[in-house]
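These notes are about the structure you will find just below.
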Amino acid sequence: MTESPNPNIVDADSLTGEMHPIRRGVISIGSNLGERRHNLQGALDSLADTPEVWVTDVSPVYETEPVDSPEGVRDYLNAVVLLDTTLSAQMLLERALAVEAAYGRERTDAVNEARTLDVDLIVLGDRRSDEPHLRLPHPRAGERAFVLVPWLDVEPDAEIPGVGPVAELVEKTGRDGVRLREDITLEVQ
Ligand SMILES: Nc1ncnc2c1ncn2[C@@H]1O[C@H](COP(=O)(O)OP(=O)(O)OP(=O)(O)O)[C@@H](O)[C@H]1O
Ligand SMILES: Nc1nc2c(c(=O)[nH]1)N=C(CO)CN2
């Protein structure tokens, strides 16, 4: 894996003085409704503007066929964001959900309905969680080419803890339905 910050490095919470380790985070962003590139760039900017989050890289943008989605929904634009953070997994998830809401994400009971913005936590250091509101590593990431392929571009030796190296997972999923959009790029501020 790309060099992770030393887990012994800690950052003091400015309010409580509590010390938190810095961990590497991987976030998948996707949009298949509205101004797709604008929504992804907004997600990236909002993550970069988050206190205690340092965005270190963003992947190329891919146009991807909708997976496990209702008939007729539009293709997604997907990308992967790498960051360092001292936030807890719960705080990072809350931020992700707030960023989705800020970009007009509407929730219905439909499964995988079209959405302006999807922000999923894929991994946070070696944090494991199996609670319904917070699963880490993301339980479906290892089967999703729309997560793995962009992630591999920016972190060739990436691994999903407990699942395996991303390069091997891409060999299993293949790259069907995932197409590089060289004409669309995201900018880290
Ligand atoms: N690692 C995670 N990242 C984002 N949300 C998560 C995670 N683990 C659990 N959740 C929970 O999943 C809930 C539903 O998320 P959402 O509706 O965005 O799912 P989805 O992105 O449509 O589907 P999928 O989970 O298959 O990517 C969120 O409210 C959140 O609490
Ligand atoms: N291509 C693609 N398909 C999906 C995506 C996504 O981001 N891209 N997100 C989903 C739920 O998170 C379900 N299906």
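Hydrogens, waters and symmetry mates are skipped; everything else that's a heavy atom, side chains included, is used. Remember, it's 1-based here, ligands and their atoms both numbered in the order they're listed.
- Under the side chain to side chain contact (heavy atoms under 4.5 Å, CB included) test applied with P137, the options E159, R128, R127 reduce to a single match, R128.
- A salt bridge does not link R95 to E100: none of the charged nitrogens lies less than 4.0 Å from a carboxylate oxygen.
- Distance alone, capped at 3.5 Å, is enough to place a donor-acceptor pair between the S88 side chain and the M91 backbone.
- Protein residues with a heavy atom closer than 4.0 Å to ligand 1 are L93, R105, R107, N112, R115, D118, D120, L121, P132, H133, L134, R135, H138, R140, R144, listed by chain and number.
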Filter the ligand 2-protein atom pairs down to N or O on both sides and distance under 3.5 Å, then list them.
from, atom 1, to, atom 2, distance (Å)
ligand 2, 1 (N), T64, OG1, 2.7
ligand 2, 1 (N), E65, O, 2.8
ligand 2, 3 (N), V67, N, 3.0
ligand 2, 7 (O), N78, ND2, 2.9
ligand 2, 8 (N), N78, OD1, 2.9
ligand 2, 12 (O), D118, OD2, 2.6
ligand 2, 12 (O), D120, OD2, 3.4
ligand 2, 14 (N), V67, O, 2.8

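- Judged purely by distance below 3.5 Å, without hydrogens or angles, the side chains of Y62 and D153 pair a donor atom with an acceptor atom.
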Expected list for residues 32-39: side-chain donor-acceptor pairs under 3.5 angstrom, two or more places apart:
from, atom 1, to, atom 2, distance (Å)
N32, OD1, R115, N, 2.8
N32, ND2, R74, O, 3.1
R36, NH1, E63, OE2, 3.0
R36, NH1, D75, O, 3.0
R37, NE, T185, O, 3.0
R37, NH2, Q41, OE1, 3.3
R37, NH2, T185, O, 3.0
N39, ND2, S31, OG, 3.3
N39, ND2, L33, O, 3.1
N39, ND2, E35, O, 3.2
N39, ND2, T116, O, 3.1

Side-chain donor-acceptor pairs of residues 160-172 under 3.5 Å, sequence neighbours excluded:
none

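- One N or O on the side chain of T50 and one on the backbone of L47 form a donor-acceptor pair closer than 3.5 Å.
- R23 and D84 are not joined by a salt bridge, as no carboxylate oxygen comes within less than 4.0 angstrom of a charged side-chain nitrogen.
- None of D120, T173, V178 except one satisfies the side chain to side chain contact (heavy atoms under 4.5 Å, CB included) rule with R144; the exception is D120.
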